[in-house]
Amino acid sequence: MQAQKPRGTADIFSPEVERWQHVEGVARNLCREYNYGEIRIPEFEHTELFLRIGEVTDIVQKEMYTFLDRGGRSLTLRPEGTVGVARSFIENKLYGGVLPVKFYYLGPMFRYERPQAGRGRQFHQFGVEVFGASGPWADAETILLAVDLFKRLGLTDLAVLLNSLGCPDCRPAYRQQVLAYYQDYRHQLCRACRERMDRNPLRLLDCKEETCRSLLADAPRATEALCPECDSHFETVQAFLAGAGANSRVEPRLVRGLDYYTRTVYEVVSKDLGAQNTVCGGGRYDGLVEALGGPPTPAVGFALGLERLLSILKTQGRTATAGRPLDVFVVATGESSRKQAPRLAQRLRHAGYATDVDFLDRSVKAQMKHAGRVGARTVLMLGDAELATGQVLVRHMASGRQDVLELGDLEPGVAAVLGRKDG
RNA sequence: GUGGAUGUAGCUCAGUGGUUAGAGCACCAGGUUGUGGCCCUGGGGGUCGGGGGUUCAAAUCCCCUCAUUCACCCCA
């Protein structure tokens, strides 16, 4: 195996890439309707930026693609989008401008992990971020945008899970409650959970082990430990969602991995994925901008995995794409017509027709066969005899019908053949 | 980082110790000297993932390695 892509990466082309373009197009259009503007930020940042947040998450701990550049700087391929967008918000002093600002991004992320279904080392996310809005409508709007995207792509059987992690005022107390609760059952917990007690107690709620799960029922619930402000915020988010007709479910064991989240957290999950069943994850992160050296700025957003989204589309059979329709294939049959073929192809291209032409000096039969294989709707046949009298043949491939066209009248003639339903 | 499954032609796979490793599809050419799809005939194409070992003999058995894939951890 000589030519071999790096582990966990993918080559995307022909029929697949059209599906990507479709999804991206729908997302961009939706963002226009919701008035989110695109932001394009670097695909690598100073390693320091990622280290300043999320010290306890695995993604920072052991999954970063970090390298030294030739100037000795430590740089890291972005493992997610939010931190970079927040950095840009601060660096460009957007907090001094018109607020709120609403961004979306679309692009590759990098994490050093063992690949599995729905997980690669380079993967792609569509995400949105809102800065400068603390009210619950902002939370709800991002969720509605995601739900609309799925709806517009024709996806079904998705569930929106909601939870609130509280704020710096009420979360520590809840964290203690969880810790205290599990302390009594420490000997029953799985090994991973015993580590979680020290590293990230809230993660205890999310364990998949049977015995740990059985403890969950009586565990303290985040939503019952919220301070009055957080509680009212969360209630209002839910009311907005319900009012907009979006189904969602409060899931007390939902705990997001990145530790800059505050208050609202949410996920969209699908049973049409493998073990990695989250297609979209987001929430509010009111502390992030300040943690990165900016002024206190509330923010909320989500990231959505495009590979996972495409995977659901595939299993739900929503993969119909137009492909790449080729209007005309130019076939040359003689000495002088072979010289004319590329010129006619150019003429048709400039008239707006997707047009291709043989490069390989193949036989007429081979050219015809090729035209059929690539799905050309029509073939323009150039013969020396017809060219001498200023004519060409146009063949409608589906019906086999052929017409004679005057060279001077080429474009309208092709248009007529393409427009005819039955040829 | 841990565990399981799988690597044979471009693709899907057969071949589990014994001649020059096969099939279907795809590709190319001819049958049809200027006409695709269907049919017929022929052709090109293989370091059997890589390396080492056992054996008279290895695609086949053993070890290592790389890759793919699924799961854990964690996450989109």
Side-chain angles (χ1 to χ4, degrees), chain A residues 1-10 54 56-63 78-82 106-127 146 190-193 195-196 199-200 203 206-209 254-258 266-270 273-283 301-312 329 331-335 337-338 358 360 362-387 392-402:
Chain A
M1 243 19 114
Q2 253 188 344
Q4 172 76 59
K5 66 185 177 301
R7 185 166 210 196
T9 61
V56 304
T57 58
D58 277 12
I59 116 176
V60 171
Q61 214 73 347
K62 51 181 197 186
E63 294 175 4
R78 58 180 188 189
E80 52 106 17
T82 300
L106 214 40
M109 307 294 164
F110 307 86
R111 293 181 196 172
Y112 188 88
E113 301 185 275
R114 290 283 291 269
Q116 73 183 77
R119 162 182 297 165
R121 290 186 170 183
Q122 174 174 342
F123 61 105
H124 299 79
Q125 288 185 332
F126 161 63
C190 67
R191 218 179 68 223
C193 276
E195 283 173 33
R196 289 188 179 105
R199 277 180 47 194
N200 193 352
R203 276 251 155 246
D206 201 25
C207 188
K208 287 162 188 152
E209 286 293 326
L254 177 59
V255 180
R256 316 263 37 258
L258 305 168
Y266 57 89
E267 279 186 6
V268 182
V269 299
S270 167
L273 288 168
Q276 309 301 323
N277 67 341
T278 302
V279 62
C280 175
F302 68 71
L304 189 152
L306 292 178
E307 281 83 356
R308 292 183 185 179
L309 177 58
L310 270 302
S311 162
I312 303 172
F329 191 87
V331 169
T333 67
E335 194 78 2
S337 46
R338 285 184 192 270
D358 179 63
L360 306 179
R362 286 187 280 204
S363 67
V364 171
K365 176 177 171 151
Q367 291 181 63
M368 284 300 299
K369 188 169 181 177
H370 182 76
R373 288 219 62 88
V374 300
R377 296 176 61 202
T378 64
V379 159
L380 207 63
M381 310 258 320
L382 312 191
D384 290 357
E386 290 88 343
L387 274 183
V392 294
L393 286 172
V394 59
R395 177 182 179 87
H396 185 257
M397 293 297 271
S399 63
R401 171 172 169 170
Q402 291 188 179

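To find a chain, count down the sequence lines: A is the first, B the second, and so on, and within it residues start at 1. Atom set for the values below is all heavy atoms of this structure, side chains included, hydrogens, waters and symmetry mates excluded.
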[N] [atom2] sits how many Å from [X] [atom1], rounded?
{"X": "A/Phe329", "N": "B/rU35", "atom1": "CZ", "atom2": "P", "result": "16 Å"}
{"X": "A/Lys365", "N": "B/rC27", "atom1": "NZ", "atom2": "C1'", "result": "14 Å"}
{"X": "A/Arg373", "N": "B/rC11", "atom1": "CZ", "atom2": "P", "result": "16 Å"}
{"X": "A/Arg114", "N": "B/rG4", "atom1": "CZ", "atom2": "C1'", "result": "11 Å"}

With no angle test and no hydrogens, is the base of [N] tied to the side chain of [X] by a donor-acceptor pair under 3.5 Å?
{"X": "A/Gln276", "N": "B/rC74", "result": "yes"}
{"X": "A/Arg395", "N": "B/rG34", "result": "no"}
{"X": "A/Glu386", "N": "B/rG34", "result": "yes"}
{"X": "A/Gln402", "N": "B/rU35", "result": "yes"}
{"X": "A/Arg7", "N": "B/rU68", "result": "no"}

If you check the [X] side chain, which of [options] turns out closest?
{"X": "A/Arg362", "options": "B/rC70, B/rA29, B/rU35", "value": "B/rA29"}
{"X": "A/Gln116", "options": "B/rC28, B/rG34, B/rC73", "value": "B/rC73"}
{"X": "A/Ala366", "options": "B/rG31, B/rC74, B/rA29", "value": "B/rA29"}
{"X": "A/Arg119", "options": "B/rA67, B/rC74, B/rU35", "value": "B/rC74"}

With a 3.5 Å cut-off and no angle check, do the side chains of [X] and [Y] form a donor-acceptor pair?
{"X": "A/Gln367", "Y": "A/Arg362", "value": "no"}
{"X": "A/Thr9", "Y": "A/Gln122", "value": "no"}
{"X": "A/Asn277", "Y": "A/Ser270", "value": "no"}

Is B/rU54 paired to anything, Watson-Crick or G-U wobble with both distances less than 3.5 Å, and if yes, which nucleotide?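 B/rU54 is unpaired by these criteria.
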Validation row: A/Val331, A/Asp358 side chains within 4.5 angstrom (heavy atoms):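 With C-beta onward as the side chain, the pair stays apart.
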Would you mind telling me which residue lines up with the more 5' stretch of RNA chain B, A/Pro115 or A/His124, judged by nearest nucleotide?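 This one resolves to A/Pro115.
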